[in-house]
Protein chains: 2
Amino acid sequence: MSNNASLSEFSLIHDYLTGLGATRQDVVLDIGDDCALTAIPPGYELAFSIDTLVSGVHFFPDCNPQALGHKSLAVGLSDLAAVGAMPAWATLALTLPESDSIWLKSFATGIHELSLKHGLRVVGGDLTRGPLTISIQVMGLVRTGMAVRRSGAKPGDLILVTGVLGDAGLALRHLLACKKQNIIATDLDPELRQRLEWPQPRVQFGCSLPGIASAAIDISDGLVADLGHLLTQSACGANIELAHIPLSSQVSAVVNQEFDWTIPLCSGDDYELCFTIPEVHLQKVQKSAHESCCQATVIGHITETTGIRLKQSNGKVITAGNKIAATPGFDHFSSH
Amino acid sequence: MSNNASLSEFSLIHDYLTGLGATRQDVVLDIGDDCALTAIPPGYELAFSIDTLVSGVHFFPDCNPQALGHKSLAVGLSDLAAVGAMPAWATLALTLPESDSIWLKSFATGIHELSLKHGLRVVGGDLTRGPLTISIQVMGLVRTGMAVRRSGAKPGDLILVTGVLGDAGLALRHLLACKKQNIIATDLDPELRQRLEWPQPRVQFGCSLPGIASAAIDISDGLVADLGHLLTQSACGANIELAHIPLSSQVSAVVNQEFDWTIPLCSGDDYELCFTIPEVHLQKVQKSAHESCCQATVIGHITETTGIRLKQSNGKVITAGNKIAATPGFDHFSSH
């Protein structure tokens with residue numbers, strides 16, 4: 001009921017939460033003062049986003065702490081990628097039930113390694129005692145006036161997504177089914193597990209989108225929900241070709257066996273980008289995708305008529321399959 | 001186990017967490033996209049800090065939600081004040097056990113009103129389900145190279161504090177005693193309750209310190225602990241005159257009755273500033289304090305010899321009273 005910090009808490013901060021990520025010349029004052037201080041280069045705007053992961057809600061309490069550290073930061077990096085900002089700094093607010101130095105070291109390693117990869121520095125932290133909760137604010141830089149927003153899509157624009165969709169959702173479905181039956185999920189496909197636990201935000205590719213993409217969003221709540229947000233803010237609609245949606249062989253098999261698109265369209269945790277471009281920019285996008293070692297697939301186009309129409313390969317249009325309609329993401333979209 | 005957002009969650013964000021605080025011309029993209037975007041004026045650095053409040057750890061679960069909103073932001077504003085930065089923007093990560101719109105409206109009002117008072121805009125938010133936890137990152141602007149740090153104190157500098165110390169600690173002690181006996185604390189002095197539940201960060205006064213103060217810190221964990229951090233980072237020590245420490249009549253009465261300085265020296269939640277100045281700046285500080293309607297009191301001076309020496313009015317020096325030594329803050333300090 002007071003925020004007195006214990007000696008052990010300070011030691012933990014000092015030992016594990018200091019010096020995470022890349023060294024950056026623009027960090028004027030690093031972790032350990034009342035505030036961090038950073039210099040913003042002229043001609044840039046600051047982009048930032050905060051996300052929270054809660055134990056038992058966003059991750060299993062017994063999950064690998066290094067993967068959790070990685071994912072906690074990846075979620076924010078994916079937001080920066082969606083607006084086309086280069087990652088710069090982050091702050092971490094970590095609430096832990098107990099001072100577990102092995103856990104904390106592993107968690108910090110997950111954050112450190114992903115930060116290093118993207119040239120980001122963790123410049124501030126707050127460690128408190130309580131139910132396991134992680135809030136990370138990421139900050140990035142984007143040239144003034146060049147950030148990609150959700151609101152810029154225009155009728156005729158192509159709609160693209162990076163990577164493949166639904167792998168994390170399929171992995172989660174499997175893990176939840178195992179938990180329910182109290183069995184250990186030893187048979188989960190390692191590729192799918194990787195996609196759920198170690199998402200790779202599309203940072204490099206996202207940074208290529210300013211000046212090319214008319215709108216973008218990251219897919220964290222499923223394509224239908226997130227494309228829905230983009231369409232709502234752009235005041236338009238979309239025709240999507242289901243046959244063009246990029247799927248892994250595992251997800252493709254499930255869709256074909258179950259005649260159900262819920263996993264690739266409505267499950268969360270993809271951390272891919274969905275974006276729109278005037279068709280004239282397609283070649284540039286393909287070049288950037290190649291350079292970023294990231295697939296970018298045209299899945300449809302923007303329409304003046306609002307709503308999302310999912311076209312099957314036989315030409316029939318799915319308006320709302322039962323399972324799809326039952327997901328919160330789809331509900332949200334269909335409410336507009 | 002997924003971060004799918006439900007319809008009600010989105011509605012709550014939209015209804016209550018949008019448009020909090022002042023309108024600012026430098027907000028390029030407000031809440032509701034993947035990132036917020038802001039413009040940094042040339043000649044300024046970005047100062048930022050993240051803090052978390054956890055239910056049952058930092059506040060009583062049944063506390064007034066408007067006061068909680070106020071305090072959650074006040075904690076961060078106090079950090080900005082300590083470096084001399086003007087508040088600009090904040091992001092809010094709120095984890096709530098249930099969608100309680102009455103609670104959320106009141107909480108948001110607490111944040112909104114304090115934001116308005118200090119010209120700050122809440123430009124980003126994340127609402128998740130889980131144990132009640134609040135993380136707020138505040139961002140402010142300070143002229144390049146002018147931020148006040150913890151590390152600049154020099155031997156001979158005067159040590160000052162704003163306001164009076166220990167009111168919040170005394171209020172908390174009373175509330176905890178009542179909770180223990182299962183009685184409602186109807187007899188708590190309203191002034192003390194105000195100081196615990198509605199702390200007023202020294203924002204305006206803090207902004208006057210760049211160029212004047214050699215070092216500063218906000219007092220959130222008790223004077224001894226926080227002054228200890230400042231001294232450690234400045235590699236010096238302090239002589240403090242106990243008789244000069246500014247106390248309310250209520251705290252003064254407790255100190256005199258109990259012969260114990262624990263409450264004003266070691267209890268948390270004061271959110272006053274402790275800072276050091278070369279003596280030549282005393283008049284300027286007094287002028288700023290007057291303009292900010294905030295008391296600033298000289299309580300001692302910086303010494304070359306490390307450690308804090310608390311001098312009684314009879315000339316005797318307290319090295320460590322039993323109760324003081326038992327507090328985590330003092331332990332931390334004395335470990336250096």
Side-chain angles (χ1 to χ4, degrees), chain A residues 1-7 10 28-29 33-40 42 45-52 54 56-60 79-80 82-83 85 91 93 95 124 126 128-131 133 135 137 142 144 147 149-150 172 176 217-218 220-222 267-269 328-329 331-332 335, chain B residues 1-7 10 28-29 33-40 42 45-52 54 56-60 79-80 82-83 85 91 93 95 124 126 128-131 133 135 137 142 144 147 149-150 172 176 217-218 220-222 267-269 328-329 331-332 335:
Chain A
M1 222 59 56
S2 103
N3 64 349
N4 274 347
S6 70
L7 175 58
F10 272 90
V28 179
L29 186 57
D33 210 296
D34 286 80
C35 289
L37 287 172
T38 60
I40 313 282
E45 285 168 351
L46 180 69
F48 49 92
S49 173
I50 194 164
D51 283 290
T52 299
V54 181
V57 179
H58 302 93
F59 58 89
F60 295 110
D79 284 324
L80 289 179
V83 302
T91 55
T95 303
D126 187 28
T128 52
R129 193 172 305 274
T133 309
S135 286
Q137 163 149 329
V142 58
T144 299
R149 303 171 180 215
R150 294 180 178 175
L172 180 63
L176 286 172
I217 190 167
D218 86 312
S220 55
D221 296 334
S267 53
D269 285 340
D331 266 347
H332 175 65
S335 73
Chain B
M1 220 60 57
S2 102
N3 63 350
N4 274 347
S6 70
L7 175 58
F10 272 92
V28 179
L29 187 55
D33 210 296
D34 286 80
C35 289
L37 288 172
T38 59
I40 313 282
E45 285 169 350
L46 180 69
F48 48 93
S49 174
I50 194 164
D51 283 289
T52 300
V54 181
V57 178
H58 302 92
F59 57 89
F60 295 110
D79 284 324
L80 290 180
V83 302
T91 56
T95 304
D126 187 29
T128 52
R129 194 171 306 274
T133 309
S135 286
Q137 163 148 327
V142 57
T144 299
R149 303 171 179 214
R150 294 180 179 176
L172 180 63
L176 286 172
I217 191 167
D218 86 312
S220 55
D221 296 334
S267 54
D269 285 341
D331 267 346
H332 177 63
S335 73

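Reminder, nothing fancy here: chain letters follow the sequence lines and each chain counts from 1. Note that this is a predicted model, so its numbers are computed, not measured.
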| request: Under the side chain to side chain contact (heavy atoms under 4.5 Å, CB included) rule, collect the residues that match up with Ala82(B), sequence neighbours excluded. | output: Asp34(A), Asp218(B), Leu273(B)
| message | Between Arg149(B), Glu45(B), Gln137(B), who has the most heavy-atom pairs with chain A when the cutoff is under 4.5 Å? | response | Gln137(B)
| query | Quick one: of Thr133(B), Val83(B), Thr95(B), Thr91(B), who has the most non-hydrogen atom pairs under 4.5 Å with chain A? | reply | Thr91(B)
| task | Kindly indicate whether the side chain of Val142(B), heavy atoms from C-beta on, has any atom under 4.5 Å from the side chain of Leu37(A). | result |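 Touching, per the 4.5 Å side-chain cut-off.
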| Heavy-atom check, side chain of Leu29(B) versus side chain of Arg150(A), under 4.5 Å |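 No, too far: nothing below the 4.5 Å cut-off.
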| field | Among Val54(A), Thr144(A), Leu80(A), residue most engaged with chain B (heavy-atom pairs, under 4.5 Å) | value | Val54(A)
| So how far is it from Ser49(A) OG to Asp126(B) CG, rounded to the nearest 0.5 Å? | 7.5 Å
| message | Restricting to non-hydrogen atoms, name the atom on Thr128(A) and the atom on His58(B) that form the minimum distance, rounded to 0.1 Å. | response | CG2-CE1, 3.5 Å
| note | Note: Arg129(A) and Val57(B) closest approach over all heavy atoms is O-CG2, 3.1 Å
| request: Give, as side chain, backbone, both or neither, the part of Thr52(B) having an atom under 4.5 angstrom from any heavy atom of chain A. | output: both
| query | Measuring heavy-atom distances to chain A, does Thr38(B) have an atom under 4.5 Å in its side chain, in its backbone, in both, or in neither? | reply |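 Interface part for Thr38(B): both.
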| field | Qualifying residues under salt bridge (charged side-chain N to carboxylate O under 4.0 Å, His left out), relative to Asp79(A), sequence neighbours excluded | value |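 Counting only residues at least two positions away or on another chain, Asp79(A) forms no salt bridge (charged side-chain N to carboxylate O under 4.0 Å, His left out).
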